[in-house]
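Take a look at the structure set out below.
In this chain, numbering begins with 1 at the start of the sequence shown. Indexing begins at 1, ligand by ligand and atom by atom, following the structure's order.
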Amino acid sequence: MTESVADLSEPGHPLEATRTRRRFLLEASLATALAACGRSEQRGTGHHQQGGEQQPGGGERGHGAPQANVHQSRTGDRNPDSQTDTTLHHEMPRSSAVDTTTTAANVPFHRYDPTLPPVSAERTTRLHFTSRDASIRVNDDTVVAAWTFEGDVPGPIVHVRQGDTVEFTLTNHGRIPHSMDFHAAQINPKTAFRSIMPGDSITFTFSPKYAGVYLYHCGTAPVLMHLGSGMFGALVVDPPKPMRRAKEFVLVQNEYYLGNPQNGICPLDYTKMLVTLPDLFAFNGRPGQYDAAPIHVTQGDLVRFYVANAGPTHSCAFHIVGEQFDTVYLGAPPDNAIHGVQTFDVAAGGGMIFEMKADVAGEFVFVNHSFGHGQKGAIGRLIVDA
Ligand SMILES: [Cu+2]
């Protein structure tokens, strides 16, 4: 534990560094099991019931944003107006349920593309996400039973402009209540972010007031369990005047708390989430994925990282070995900029923009410099090609 990734990434040792890091991640992932084990349950086949009538009083009252509109397709016999309605959650599982119809060997790995997708020419972005369970291979040795938006962890990267309209619909294909909380929205959360039952849909509209990178996540109680099971993603909001042209990447840090595997698939363990000692950390859902398959830019590029932190608990001390950030935007760009920064903490539930000019060719490790967390997977490599 005395050797740091920074030391190992010195010139002359790249292969040793890569092998050693992978071996460490392997050992870390194998050392995960605790006694608590999730219940084995068959994955349900949630029926899809979409659209629906507008709920009376669904619009904003009092101080809510005037553009906010909320629709609900079915209310049932519970109180979907409340995220904390215990009748919605009294059967909340203590771990995510493993899909026992498959095995880990049948779950392939795919690298999560960190590239910021282009912003749409349209000023209204219509999103329809489903919440659903999915088995996700996060490294060679670990498959997790995740709760997801759109079947991946993180969910899709969304890219809009300040002042755009986002029309969002969530359809719940999971087996328990879920919801959506956009940190980029100013909206009455009691209505827009409320939980919906399996098979239900909810639609709401918002307009991001500020630029930046914002977390979105399921806000169903207990939020710790839903965030810790994979229900999060990033929404990037451009300022009205576009920022300087750059190579742009999105990194969302998260933690994994693994239960004992069934068929090789690890449930995600609520008790361990409460203990807040993660087994694994990741950028974009897969520990060390950008170490195994680095991010490439070209010498002379301006590089912009949109770093969001899903947590659910720990912060991200973002740092690049051998580089300095020319600019870190603490809040909405282009204001709130600080310059000449070595490391900056992105709080759980936060997002910040980090810029560096890739003046020097070489291999640069980006890492959560809270090194116990970096060693557990919040690490990758940026290759600056000459
Ligand atoms: Cu959820």
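Shown here are the protein N/O/S atoms lying under 2.8 Å from the Cu ion (ligand 1), water excluded: His178 ND1, Cys218 SG, His226 ND1, Met231 SD.
Phe305 has its ring centre no less than 6.0 Å from the ring centre of Phe283. A centroid separation of 6.0 Å or more is found between the aromatic rings of Tyr214 and Phe182. Taking the six-membered ring where the residue is Trp, the centroids of His369 and Phe371 are separated by under 6.0 Å.
Remark: Phe325 engages Phe318, Phe354 in a ring pair (Phe, Tyr, Trp, His ring centres under 6.0 Å) (not counting sequence neighbours). The side-chain hydrogen bond (donor to acceptor under 3.5 Å, both in side chains) test applied to Arg123 returns Asp164, not counting sequence neighbours.
The other members of the hydrophobic cluster of Val275, by chain and number, are Leu277 (side-chain heavy atoms under 4.5 Å, ILVMFWY only).
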